[in-house]
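Predicted, not measured: the structure shown is a model, and the values here were computed from it.
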Amino acid sequence: METRTVNTTPIDKLAEADLEEIRNERVTFERTPDMPTEHMILNFGPQHPATHGTLHMVLELDGEKVAGATPHLGYLHTGFEKLGEYRSYNQFVTLTDRMNYLSPLCNNIGYTHAVEKLMGIEITPRCRNIRVALAELSRLADHLLCVGTAALDIGAFTAFLYGFRAREVLYDLFEAVCGTRLTTSYTRVGGLLRDVPENFAEMARESVEETLRATAEIDRLLTHNRIWRDRTESVGVLSSEDAVAWGATGPVLRASGVEWDIRKNEPYLGYEAYDFDIPIGRNGDVYDRYLVRMEEIRQSAKIIRQAIEDLPSGSVNAEEEHAVLPEKSEVYESMESLIYHFKMTMEGHGPTPPVGEVYAATEAPNGELGFFIVSDGSREPYRIRVRPPSFVNFSMFPMLIRGHMLSDVVAVLGSLNVIAGELDR
C-alpha cells in the first residue's frame, strides 16, 4: 500500500528552493479536460430567499456551472381547480385571489370575464372602464414588485424599496375600492361587488404619478448600471422560436421579440379603443425582460388615464335576471332585492349558465391567464381548468439556466416572476 508523509518542517526552516518546488507542485494539481468529474446535486429552495419559501429546484452542478435543473411545483397544495367544482360561480371569485396574490384583481376580472362569456352577459360601460383601470393598476403593482424583488435577489436592495413605496399607494387605492388590500374578491358575475368611491379617479391619478416617479428612480439606478447589466445581459436567453414553442406569453414572450398581447390581438373589455403601445425586446435575456416590464408600466399608466378620464355613469351591474346579484344599496332598502339576493346566494338558484363550455383569456401581468369552464347547467361548474402564465413560464427554467453559473439562477428566476399560487395543481 502506498504511504504518504506529511512535511512537518517549519516553513521558515525550508530553503528557498524547497519553497519553489512546493509552489510548482500545486500547479500540477490543476484540473485537466480529460479528468473524470462528478456532478453535484444541490437543492435550491424552498428555503433560499430567492424562492420565497415555496419553490423548489433540484440543480445538477458541474463545479459552479448548471448542467441540469428539475423544477418542482411548490408547496402550497391548495387545489384551486378542484375546489371550484364545489363552489358556485360567484364563490369561486374568492379562490382566484389566491392564485396570483400580487395582482388578484386581474384574476377576479379574468375569471368573471370567462363566466360572462359562457352566460352571454354584457357588462355595463361603467363596469368595463372600472375593470380596465383596476386591471392596469394591478399590472403596475405586479411589475413594481417583480422588478424590485428581482433586483433584491441579485443584491440591489434600494430598487426594491423604491417599488415597494409606490406599491403601498396602490394598495391604499385597492383598499378604498375593495375593502381589503390583498384578497380583493371584487368582481361578481355580470358586475362588481360595489361601485368605486367618489374620489376613485383622483386616487388613481395619484397612484399613477407615484408609480411613474418610482419607475424613473429605478430606471436611473439600474438601467445603465454596470453591475446590473453584467448580471442580466446575455443571461437566460430565450429565442423567439423557443418562446413560441414553449408557449411563453406576456413580458417573457415579448422580450424575445414576439409582438403578441391579448389586449391588442384578441381585445376584450374594449381595449381596442385605448391608445397604447406594446414594448418588444430584441435579445430575450434577463435584461430585456426587465426593460419590457419597465416600459409596460408606462404604457399601463396611459391606459389608466384614458379609462378614468371619461368614466361612464350608471350602474356597475348588468340587468340580467337570475344571473346578476342586486346592488347592496338596494338589498338594504328593498324587500324584493333582499329576497332575490337570498335566493341567489343561499337557495342555489343562480347564476346557472346553460350547458356548454368556454375558454376565455386575458392579458395578466405575467402573460395569458385563461379559464376553461365546463357547465352542466347546475349552480356549480362541472369542471374548471386554469391556464396560469407562471406554470408555463416556469417549465422553461431548465432550458434557460443550463450552461449558466449557479449565481445566475436567481437572475433567471426573478426575470420569470414565478408566482407559486399559479403553479398549484
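Not counting sequence neighbours, the partners of Phe160 by the ring pair (Phe, Tyr, Trp, His ring centres under 6.0 Å) test are Phe164.
A donor-acceptor pair under 3.5 Å links the side-chain atoms of Gln306 to the main chain of Asp275, judged by distance alone. Checked by atom type and distance alone, the side chain of Thr149 pairs as donor or acceptor with a backbone atom of Cys146 at under 3.5 Å.
By the 4.0 Å N-to-carboxylate-O rule, Glu136 lies too far from Arg305 to be salt-bridged with it. Between Glu295 and Arg254 there is no salt bridge, since no side-chain N of the basic residue sits under 4.0 Å from a carboxylate O of the acidic one.
Across all their heavy atoms, Ser207 and Leu170 have their closest contact at CB-CD2, 3.6 Å. Here the closest heavy-atom approach between residue Phe174 and residue Ala141 is recorded as CE1-CB, 4.4 Å. Heavy atoms only, all atoms of each residue included: Leu140 and Ser300 are closest at CD2-CB, 3.7 Å. Between Ala159 and Ile218, the shortest heavy-atom distance links the atoms O-CD1, 3.9 Å. Scanning both residues, Gly190 and Ile121, for their nearest heavy atoms gives CA-CG2, 4.0 Å. Residues Glu296 and His143 approach most closely at OE1-NE2, 2.8 Å, considering heavy atoms.
Within the 4.5 Å cutoff, the side chain of Val237 has heavy atoms near those of the Asp285 side chain.
At most 12 heavy atoms of other shown residues, nucleotides or ligands fall within 6.0 angstrom of atom CD1 in Ile227. Remark: Tyr359 OH is packed, more than 12 non-hydrogen atoms of other residues, nucleotides or ligands lying under 6.0 Å away. Within a 6.0 Å radius of CD in Glu64, no more than 12 heavy atoms belonging to other residues, nucleotides or ligands are found. The number of heavy atoms from other shown groups lying within 6.0 Å of CD (Glu272) is above 12. Annotation for Arg282: atom CZ does not count as buried by contact number, only 12 or fewer foreign heavy atoms lying within 6.0 Å.
Taken from CG in Leu83 to OG1 in Thr78, the straight-line distance is 7.0 Å, to the nearest 0.5 Å. Taking OG1 of Thr70 as the reference point, atom NE2 of His56 lies at 9.5 Å (rounded to 0.5 Å). To the nearest 0.5 angstrom, Asp153 atom CG is 7.5 Å from His48 atom NE2. Between atom CD1 of residue Ile123 and atom CZ of residue Arg131 there is a gap of 4.5 Å, rounded to the nearest 0.5 Å.
The one candidate from Ile373, Val386, Thr187 that meets the side-chain contact (heavy atoms from CB on, under 4.5 Å) condition with Tyr111 is Ile373. Results of the side-chain contact (heavy atoms from CB on, under 4.5 Å) test with Glu122 over Glu319, Arg128, Glu320 single out Arg128 as the only residue that passes. A side chain to side chain donor-acceptor pair (under 3.5 Å) with Asn108 is found for one member of Thr183, Thr94, Thr96 and no other, namely Thr96.
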Practice task
Mind running side-chain hydrogen bond (donor to acceptor under 3.5 Å, both in side chains) on Tyr186 and Thr180 for me, showing each step along the way?
Solution key: CA-CA 9 Å; Tyr186 184 56; Thr180 183; over 6 Å; no
Exercise for the section: Could you check Glu266 against Lys117 for salt bridge (Lys or Arg N to Asp or Glu O under 4.0 Å), going step by step and ending with a plain yes or no? Expected result: CA-CA 14 Å; Glu266 298 176 357; Lys117 183 178 180 181; over 6 Å; no
Practice task
Check the pair Lys302, Asp277 against side-chain contact (heavy atoms from CB on, under 4.5 Å), reporting the backbone distance first and the verdict last.
Solution key: CA-CA 9 Å; Lys302 291 175 58 178; Asp277 298 319; 4.3 Å; yes
Problem - Test log, rule salt bridge (Lys or Arg N to Asp or Glu O under 4.0 Å), inputs Lys82 and Glu85 - result: CA-CA 5 Å; Lys82 183 55 67 175; Glu85 297 168 10; 2.9 Å; yes
Exercise for the section: Apply side-chain hydrogen bond (donor to acceptor under 3.5 Å, both in side chains) to the pair Ser378 and Asp376, showing each step before the final yes or no. Expected result: CA-CA 6 Å; Ser378 66; Asp376 59 0; 2.6 Å; yes
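No close placement of the Phe92 and Tyr89 rings is indicated, their centers lying 6.0 Å or farther apart.
At a cut-off of 3.5 Å, with distance as the only test, a side-chain donor of Ser390 or Glu422 sits close to an acceptor on the other residue. No side-chain donor-acceptor contact under 3.5 Å links Asp97 and Asn107.
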